[in-house]
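Every chain is numbered from 1, with letters handed out A, B, ... down the list of sequences.
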Amino acid sequence: MATNQEIAKAFSTIADLLEITGANAFKVGAYRKATRSCEDEPRDLGRLARESPTELDSIEGIGQSTKAKIIELETTGSIHELEELRLKVPPGLSLLLTLAGVGPKTVKLLWDCAQVTSIDDLRTAIESGAVAAIPRMGAKTVTNLRDAVAAHDLAGSRPTRYRLGEAIPIAEAFLTRLRAAPGTVRATYAGSARRGRDTVGDLDLLVSTRDHAAAKEAFLTAPTVSKLLAQGETKCAVVLTNGLQIDLRIVDDSAFGAALVYFTGSKDHNVFLRERANQRAMKLNEYGLFRTDSSASADGSLALVAAESEEAIYRALDLPLWPAELRESHTADFTQPPPRLIELAEIKSELHAHTTASDGSLSILELATLAKARGFHTIAVTDHSKASAQANGLSVERLLQHIAAIREAEAAIGGITILAGSEVDILADGRLDYDDAVLEQLDIVVASPHTALRQSPEAATARLLAAIRHPLVHILGHPTGRIIQGRDGLSPDIEALCVAAHECKTALEINCHWSRLDLRDVHVRAAVSAGCLIAIDCDIHSPPDADNLRYGIATARRGGLCTSHCVNAWSAEKLHGWLRSKRS
DNA sequence: GCCGTTTTCGGCCCGACTGTTTTCAGTCG
């Protein structure tokens, strides 16, 4: 059975190989779009291919040819056209495409003229002078190739993408520098970071200023800059010492909105907006939306329609303003009003937090004080259960003492409800780590998988369904147990979990830590369309964890979550009523 | 290869920067 990632990888490889053979660029682009669509699809494509292939027709960017290939891969285990391409094009060439500044034309040139079919070949050809002998390969290009190979060797130990919670603080440090530069009017980050993706390939910064040179200076002289990739009047790119690339775009403030639209993307969304502009006799670029019909002025410049704000541009295109997190290719219809997405300020409770009783750094009172300072009406103390020995999980006896301590603390602090809870391990077979008689004494139960995270999808589905259906469980914590760039975690049938969670009124958690973000965005999308309740929790172990809420909110928004279905946004009365409903 | 409030054929977003060239091709986002 082919996973969505495997199908996406097959299309991506087809695109690479086609590109090297010099195929039609639009055909290559179609495969790249199909790749993104498969990566973003919450449903299991292999299952759809087997059980209801017509549903594949509804996926943006999947047509008759790519649909047939998905079915072929699912039923035969391979794609004939891909195998044919692999016979024609040496496999090492697609790796050459990953080198900085190397595209399909360069790869083809190196292959044709110097028989380069791998990065090792390229290294040899550079040092032997074979590359320099190729037409249009000047000294500077050879140097750039040598650097690109060296960077590739170095990158072996480095991630190719950076997690959102690692990238955002770096972006904000650069924005602080830019805002302090003379002439700066506005500065922000855009790109996939603004769209809230769980990892970013690079950072895109945008600054509007009256002094382009000062902004450029502030950017290029930052202490963490390690390598200059490009610098022009309006655009600079650098690599930091940690390997992260940052692009800066400098514009006049009158064009800030147009530049923000352009720089936020996604790529597919930009194409959509520009095509829509064309249909209306207009042109959209990073400087504005312009009329292309007869209204051009005497000097040949086009009449400006909108540029100063995103709102103005969307309005002029007869579209509602869509939140950045939903500007992705899978969004169904941008002409419809977007959902009113949940916002950070609407979160009024934290339902997953640890204390010194297990592996947290805060006492019950310190935790409650932190939550109160954030304006929350409720904080749940959910220390680990006994199976999590490595996290100092609580025995039944310790748990009962802890409940008593929580009751005392609540009486002492006042002004906030402290719930006595537990983050109970879901054992590999789906049983919970405490007996029902113990769980019944708790105000809230978060059930989470911590071990056996490599079990089969079927076993994982059965295990998590058991927890969702357990009458005393309120929240399924970090459902897959994935660690971004660490481990894949479980691969349960998400649709089945969503159906059960909706039926049982069990909330599915978005764990806000940037190394988890679990549920991930596509899972949230599936949960939202199934009508599930969602909990957005920081899984607080120490005070800084509470600041991760923004990443969970971004993930929730990418999934289309509205306030009504987020239990943390409910009033105390509604939240406590829901919790008690599982205690009758 | 995908797609359709002008189309089932003929389009398909747009511009900056670099390097090798004297006007442009390649790459990137």
Side-chain angles (χ1 to χ4, degrees), chain A residues 11 14-15 18-20 22-37 56-70 81 96-110 132 134-145 147-148 190-193 195 200-206 212 216 228-238 245-251 255 258-259 261-290 292 302 317-318 329 333 335:
Chain A
F11 286 150
I14 291 175
L18 280 175
E19 201 167 28
I20 294 167
N24 176 293
F26 295 110
K27 183 171 170 177
V28 174
Y31 275 109
R32 299 235 183 268
K33 181 160 187 177
T35 302
R36 291 191 292 275
S37 292
L56 296 173
D57 294 329
S58 64
I59 300 172
E60 186 74 23
I62 299 296
Q64 287 312 302
S65 170
T66 43
K67 171 184 164 184
K69 288 183 176 66
I70 293 172
E81 186 172 332
L96 285 176
L97 277 180
T98 65
L99 295 175
V102 176
K105 298 286 167 46
T106 307
V107 170
K108 180 80 160 44
L109 195 64
L110 290 166
I134 299 173
R136 295 191 62 86
M137 283 286 173
K140 185 67 182 154
T141 303
V142 173
T143 302
N144 287 346
L145 281 172
D147 289 351
S192 48
R195 299 202 311 280
V200 301
D202 63 11
L203 278 175
D204 302 299
L205 305 184
L206 176 63
H212 286 220
K216 197 167 139 181
L228 177 64
L229 293 177
Q231 61 163 328
E233 280 299 298
T234 62
K235 195 172 155 178
C236 301
V238 299
Q245 180 175 332
I246 309 192
D247 297 341
L248 173 70
R249 197 64 185 254
I250 308 166
V251 298
V261 168
Y262 159 77
F263 229 16
T264 297
S266 65
K267 181 187 177 69
D268 290 327
H269 188 62
N270 283 350
V271 170
F272 165 78
L273 292 177
R274 289 171 180 201
E275 285 179 346
R276 190 170 175 90
N278 288 345
Q279 288 160 8
R280 285 164 173 68
M282 292 187 277
K283 181 176 83 161
L284 178 64
N285 59 29
E286 57 266 55
Y287 302 109
L289 180 65
F290 303 89
T292 51
L302 301 172
L317 289 171
D318 199 20
S329 58
D333 186 352
T335 64

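At whole-Å resolution of the value, CD1 in A:I59 and P in B:dC2 are 12 Å apart. Between A:E233 atom CD and B:dG15 atom P the separation is 18 Å, expressed in whole Å. Across the protein-nucleic acid pair, A:R276 atom CZ and B:dC12 atom P stand 18 Å apart, rounded to whole Å. Taking atom OH of residue A:Y262 and atom P of nucleotide B:dG29, one finds them 10 Å apart after rounding to whole Å. Put simply, CG on A:L109 is 11 Å from C1' on B:dG26, counting in whole angstrom units. Residue A:I134 contributes atom CD1, which lies 17 Å from atom P of B:dG19 at whole-angstrom precision. Residue A:D204 contributes atom CG, which lies 15 Å from atom P of B:dC28 at whole-angstrom precision. Rounding to whole angstrom units, NZ of residue A:K105 and P of B:dA25 are separated by 10 Å.
The side chain of A:N285 has B:dG15 as its nearest neighbour among B:dG15, B:dT20, B:dG29. Checking B:dT27, B:dT18, B:dC2 against every side-chain atom of A:P104, the shortest atom distance belongs to B:dT27. When the nucleotides B:dC12, B:dC2, B:dC14 are ranked by their closest atom to the side chain of A:R274, B:dC14 comes out on top. In this structure, the nucleotide among B:dG1, B:dG15, B:dG19 sitting nearest to the side chain of A:F26 is B:dG1.
Residue A:K235 places no side-chain N or O under 4.0 Å from the OP1 or OP2 atom of B:dA16. Within the 4.0 Å cut-off from OP1 or OP2 of B:dT27, at least one side-chain nitrogen or oxygen of A:T106 is found. Remark: A:T234 is not in phosphate contact with B:dG15, judged by side-chain N or O atoms under 4.0 Å from OP1 or OP2. When the side-chain nitrogen and oxygen atoms of A:N278 are compared with OP1 and OP2 of B:dC14, one or more of them lie within a distance under 4.0 Å. In terms of phosphate contacts, A:K267 brings no side-chain nitrogen or oxygen within less than 4.0 Å of OP1 or OP2 of B:dG29. Remark: A:Y287 is not in phosphate contact with B:dC13, judged by side-chain N or O atoms under 4.0 Å from OP1 or OP2.
Residue-level contact check: A:Q64 touches the backbone only, with heavy atoms under 4.0 Å from sugar-phosphate atoms and none from bases. Nucleic acid contact for A:A139: sugar-phosphate only, since backbone atoms but no base atoms lie under 4.0 Å from a heavy atom of the residue. Note on A:K33: nothing from the nucleic acid sits closer than 4.0 angstrom, heavy atoms only. Among the atoms of the strands shown, only primed sugar atoms or phosphate atoms (P, OP1, OP2) are found under 4.0 Å from some heavy atom of A:L284. Residue A:V28 is classed as having no contact, given no heavy-atom separation below 4.0 Å to the nucleic acid. Among the protein residues, A:N270 comes within range of no part of the nucleic acid, since none of its heavy atoms lies under 4.0 Å from any strand. Within the 4.0 angstrom heavy-atom criterion, only backbone atoms of the sugar-phosphate kind lie near A:L99; the bases stay farther away.
Closest-nucleotide positions on DNA chain B for A:P135 and A:D247 were compared, and the one nearer the 5' end corresponds to A:P135. Each of A:E275 and A:N144 was matched to the nucleotide of DNA chain B holding its nearest heavy atom; the match closer to the 5' end belongs to A:E275.
Shown here for A:L56 and A:K67, the closest heavy-atom pair between the two residues is CD1-CG, 3.9 Å. Scanning both residues, A:R195 and A:T264, for their nearest heavy atoms gives NH1-O, 2.8 Å. In terms of heavy-atom proximity, A:F11 sits nearest to A:T66 at CZ-O, 3.5 Å.
Annotation: B:dG15 and B:dT8 have their P atoms spaced 29 Å apart (nearest Å). On the P atoms, B:dC2 is 23 Å away from B:dT6, given to the nearest whole Å. Between the C1' atoms of B:dT18 and B:dT22, the separation comes to 15 Å (whole Å). To the nearest whole angstrom, the two P atoms, one in B:dG26 and one in B:dT20, are 14 Å apart. Remark: the separation of the C1' atoms in B:dC17 and B:dT23 is 16 Å, to the nearest Å. Of the C1' atoms belonging to B:dC14 and B:dC9, the separation is 25 Å, rounded to the nearest Å. The P atoms of B:dG4 and B:dC13 are separated by 14 Å, rounded to the nearest whole Å.
Counting only heavy atoms from C-beta outward, the side chains of A:E286 and A:T234 never approach each other to under 4.5 Å.
Taking OG1 of A:T335 as the reference point, atom CG of A:D318 lies at 8.5 Å (rounded to 0.5 Å). In this structure, CG on A:L205 lies 10.5 Å from CD1 on A:I250, to the nearest 0.5 angstrom.
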Please tabulate, for side-chain N and O atoms in residues 98-105 of chain A, each donor-acceptor pair with protein atoms closer than 3.5 Å (sequence neighbours left out).
unit_1 : atom_1 : unit_2 : atom_2 : d
A:T98  : OG1    : A:L95  : O      : 2.5

Just distance, no hydrogens or angles: give the donor-acceptor pairs under 3.5 Å from side chains in residues 25-35 of chain A, sequence neighbours left out.
unit_1 : atom_1 : unit_2 : atom_2 : d
A:Y31  : OH     : A:K69  : NZ     : 3.3
A:R32  : NH1    : A:D16  : OD1    : 3.2
A:R32  : NH2    : A:D16  : OD1    : 3.0
A:R32  : NH2    : A:E19  : OE1    : 2.7
A:T35  : OG1    : A:S12  : N      : 3.2
A:T35  : OG1    : A:Y31  : O      : 2.7

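Both distances falling under 3.5 Å, in either a Watson-Crick or a G-U wobble arrangement, place B:dC14 opposite B:dG29.
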